[in-house]
> 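Below is one structure. I have some questions about it.
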Amino acid sequence: MKKQFETNAIRTQLKRTENLEHSVPMYLTSSFVFEDAEDMRASFAEEKDRNVYSRYSNPNSSEFIEKVCQMEGAEAGFAFASGMAAVFSTFAALLDSGDHILSARNIFGSTHSLFNNIFPKWNISHTYFKIDELDTVENRIQANTKIIFAESPTNPGVDVVDLEVLGAIAKKHNLIYIVDNCFASPYLQQPLKFGADLVIHSGTKLMDGQGRVLAGMTVGNAVLIDKIYRFSRISGPSLSPFNAWVLSKSLETLAIRVDRHCENALKLAEFLEGHEKVNWVRYPFLQSHPKYDIAKKQMKAGGCVVAFEIKGGIEAGQKFFDSIKMLSLSANLGDSRSIVTHPASTTHSKLTVEERAETGVTDGMVRVSVGLEHIDDIIGDIRQALG
Ligand SMILES: *Cc1c(COP(=O)(O)O)cnc(C)c1O
């Protein structure tokens, strides 16, 4: 019988050793031994599905990959040392010099830098489209376009992209469709259902959820994953067995944690929506969100990030951050500890005002990654800081 998400997250595990351990041990080993000359030859000829060297595969990584594949409904996957290692290796493995990427403009800062500053070195170009103008996407496809890419919900504006619309365009024009699903986690949204070929995650965020390790993952179509695997086993961005072990444990509690993150985030968003010092609030499962219907269609709940704008611009924003007592001023998200950030003075400070506006960042904008503390304490801290 097919088991449920929560059950698979817990009961998918490596076969027990002769020690009959209940919880899976860590395989901190860089290499694996061969039985004899024939085993050695057959292993290197890839006639056997077995571990050879931990840059290629390791039992802990394999377990972590299998869990994420089950969650996303994917055929295969590869685990990376960070989310950006996953993004870089996925594109680098699939693209040749002269190829073109069609991407949403609202994407993670380092991915944006990769497209703008690194890929042009290898003659890989890109065009951005606005996520509010999906009807213009087809016109931007070129003869050399190979990949279409988007994230949803977006960072830090918490906007939502209709994943199904992009899936139909990708299918019609035979493009590889890749979605960064980091903000939703595999529990809230499975982009493969909407036509994606590959899904990328930063395990650093909700997947670990406790701010301990960096990790990344790409899952999806087995033929594409094989190309990514072959690129990565040579270039070496693999996840460490220790981090894989931590993450596989983290996934056991993903559903229950993300449920609470979302419950807390919705309550905070509702509180802020009624507050006199707040101009606007953005949260996918608030009815006032311009993409509320799309969010409801493709997500199980709204996620852990709430954005809002404080009245009074930069000055009011700075006073707010200086008054925060419990929440962490940090750049991460998806942690059990609630985090507040000011994108205009941190992650987006290098952009011009116009560029910031394009990504939905205003001077008074605050991004909250709502954690797992009691909601009364989270709201209490934000209420007193708003003054
Ligand atoms: C954090 C993040 C990444 C990069 O992940 P790292 O683990 O920090 O390398 C990529 N995409 C999104 C949407 C992110 O939030």
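Read the numbers this way: they start at 1 and go in the same order the structure lists the ligands and their atoms.
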> So, K193 and E164, do they make that salt bridge, N to O below 4.0 Å?
no
> Report yes if some heavy atom in the side chain of V366 is under 4.5 Å from a heavy atom in the side chain of T341; otherwise report no.
no
> Given the ring of Y56, does R233 sit roughly above its face, with NZ or CZ under 6.0 Å from the centre of the six-membered ring and within 45° of the axis?
yes
> Has K205 got its NZ or CZ under 6.0 Å from the middle of the six-membered ring of F108, at an angle within 45 degrees of the ring axis?
yes
> Can you work out which protein residues put a heavy atom within less than 4.0 Å of ligand 1?
S82, G83, M84, F108, E151, D180, C182, F183, S202, T204, K205, A215
> Any side chain to side chain donor-acceptor pair (under 3.5 Å) pairs touching residues 262-273, not counting sequence neighbours?
E273-S288
> Taking atom types as modelled, is there a side-chain donor on E21 or T17 under 3.5 Å from an acceptor on the other?
yes
